[in-house]
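What follows is a short report on a single structure.
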There are 2 protein chains.
Amino acid sequence: MAGELEIDIDRSSPVPLYHQVAQAFEQAIREGALAPETKLDNEIDLAKRYHVSRPTLRQAMDKLVRDGLVVRRRGVGTQVIGPRVRRSLKLSSLYNDLQESGAQPRTSVLTLETVTAEDEVRDRLGLAPGTEVYHLRRLRSIDGQCLGIMENYLPLSVGTLTGAALERDGLYNVMRRQGSDFQMAHQTVGATVATAAQADLLGISPGSPLVTVQRTALDSAGTAIEFGDHVYRADLYSYETTLMNH
Amino acid sequence: MAGELEIDIDRSSPVPLYHQVAQAFEQAIREGALAPETKLDNEIDLAKRYHVSRPTLRQAMDKLVRDGLVVRRRGVGTQVIGPRVRRSLKLSSLYNDLQESGAQPRTSVLTLETVTAEDEVRDRLGLAPGTEVYHLRRLRSIDGQCLGIMENYLPLSVGTLTGAALERDGLYNVMRRQGSDFQMAHQTVGATVATAAQADLLGISPGSPLVTVQRTALDSAGTAIEFGDHVYRADLYSYETTLMNH
DNA sequence: CTTGATTCAATGTCCTGACAAGTTGACAGG
DNA sequence: CCTGTCAACTTGTCAGGACATTGAATCAAG
């Protein structure tokens, strides 16, 4: 039951020791070399085995704990956590979420224009009255079926947007390439029923359920760089998240 | 511009020093005593001022970094981050989410019984065929308005559930008091339209939009301890999350 | 057989000390 | 005036040791 693990520690490498140790354990756990429920050896022995100090080994373990791979309990020891718990922790990661929703099979651009921001858009983006913004409407489809309608507002400072680039790379890739660095996003997920116009676009009957997603994305300076108001067919789309305690 | 801050460190307290320091800074930042963009003093001076060692102070700072309150750059210093970025980071915390949804104004218990788990419930909870589970239906209301219908399935091993306790404390508090330790939950949020029966219970007309939430909660051992299938009135409820890059 | 206190093992906390690495700004040289 | 070098400052990394706190297993007493 002991966590025997052969790993190479390169002391001349620029990557920190604790990171090397943590990465080695993470790989072993994800590959199954360290089965769930396995109890690791105690800190002292592990530190001795890998020729690092206890604080360094603890730093590595703390990283594993934060990543949800192991659980430590004082007086008990360190246990590898079950795969169900650690599965798809990254689902709540901003990058994956954006990439997933930005690089889907096909998106066609319905509208690409600059308009004077309405009150709600101004408020969401934190802009002054009368400011011009991009207004973008896209239709996302998968396997020929229309999945949802995406409406986005962006400040002009994000760069230049073209329909071709948007359809080829997705909104978020285009923005990132022009220097936008996403730091966080605030989302509100709700429900509504399809209007006649929406139903017509999506190829469903009016009154069908729709998932609504409103998202405001911020860069690392705290500036809002995108506001999105999306609706998706409820029978083809749902929003998944993983909530962690801590 | 220096981060002058008078805080009391209680060395005889059972709460760790680094936690006291971190909490003091967090409070100061949230209260505005430390304005955004403020550059904090260097670690050495701060450690000296609060009479702790540098590793201890670093531990506190690491906590602040993880919580998204400050940014540190080697060779530069530590800066308080903008309020928009840090706002409501805790929204994606499991505990708050559960507490919020578990201690609402009023919940009345419609059904509390033990049944043989159906296939979907068995699969979600990871139970053997034929296992008995709690089946719970509750109606949540706020200000006299019905908000949603919550249907839950729980393994019998969670303890004993009584209608009175559930209505008084909420499901999650009852479970936690009986030893369940929530570690994470997986949620799927979608949309549907109200059936006649649902509409009748919620006091709305059939065909109105509903937000659906399916949640599986796991404890630290990776065992599923709850499966919930909830619907909420879309005009009164929406699901908010904050996505972080990292 | 149950219950209680004891003991042991493990992680949690905290300290001092040292060096590495990145950033910035000042200073000297062109 | 411009530019490249260097020194000072700050955070990052790492070591080794000491004691506290918690959980569980062990053992003795009822």
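Naming convention: chains lettered A, B, ... in sequence-line order (proteins, then strands); numbering from 1 in each chain.
The end-to-end axis angle of the helix from C:dC1-D:dG30 to C:dG30-D:dC1, rounded to 10 degrees and based on five pairs per end, is 10°.
Rounded to an integer number of Å, the gap from A:Gln79 CD to C:dT11 P is 12 Å. The CG-P distance, from A:Leu17 to C:dA18, rounds to 20 Å in whole Å. With rounding to whole Å, B:Leu57 atom CG is found 15 Å from C:dT13 atom P. At whole-Å resolution of the value, CZ in B:Arg58 and P in C:dT16 are 16 Å apart.
B:Thr78 and B:Arg72 are linked by a side-chain donor-acceptor pair at a separation below 3.5 angstrom, with hydrogens and angles left out of the test. Residues A:Asn152 and A:Glu226 bring a donor and an acceptor atom of their side chains to less than 3.5 Å of each other. No side-chain N or O of B:His230 forms a donor-acceptor pair with one of B:Gln214 less than 3.5 Å apart.
Between the side chain of A:Arg54 and the base of C:dT13, a donor-acceptor pair under 3.5 Å is found.
Checked by atom type and distance alone, the side chain of B:Asp10 pairs as donor or acceptor with a backbone atom of B:Ser12 at under 3.5 Å. In this structure, A:Asn173 contributes its side chain and A:Asp169 its backbone to a donor-acceptor pair below 3.5 Å. No donor-acceptor pair under 3.5 Å is formed between the side chain of A:Glu132 and the backbone N or O of A:Ala117.
B:Thr56 comes within 4.0 angstrom of sugar-phosphate atoms only, judged by non-hydrogen atoms across all strands, and of no base. Across all strands shown, A:Pro55 has heavy atoms under 4.0 Å from base atoms, whether or not it also approaches the sugar-phosphate.
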Apply side-chain contact (heavy atoms from CB on, under 4.5 Å) to the pair A:Leu166 and A:Thr162, showing each step before the final yes or no. CA-CA 6 Å; A:Leu166 287 172; A:Thr162 69; 6.0 Å; no
Give the intermediate values and the outcome of side chain to side chain donor-acceptor pair (under 3.5 Å) for residues A:Tyr239 and B:Gln187. CA-CA 8 Å; A:Tyr239 181 76; B:Gln187 287 199 159; over 6 Å; no
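One finds a side-chain N or O of B:Arg11 lying less than 4.0 angstrom from the OP1 or OP2 phosphate oxygen of C:dC15. Between C:dT13 and B:Tyr18, a contact under 4.0 Å exists linking OP1 or OP2 to a side-chain N or O.
Mapping B:Pro14 and A:His19 onto DNA chain D by nearest heavy atom places A:His19 closer to the 5' end of the strand.
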Using a cut-off of under 3.5 Å, enumerate the N/O to N/O pairs linking the protein to nucleotides 3-10 of chain C.
unit_1 : atom_1 : unit_2  : atom_2 : d
C:dA10 : OP2    : A:Asn42 : ND2    : 3.3

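Here CE of B:Met150 is found 12.0 Å from CG of B:Asp229. Values are rounded to the nearest 0.5 Å. Taking OH of B:Tyr50 as the start and CG of B:Leu57 as the end, the distance is 8.5 Å to the nearest 0.5 Å.
Boundaries of the chain A contact region on DNA chain D are D:dT13 to D:dG23, first to last in 5' to 3' order (nucleotide atom under 4.0 Å from a heavy atom).
A parallel orientation is assigned to the rings of B:Tyr153 and B:Phe227, their planes being inclined by less than 30° (bins at 30° and 60°).
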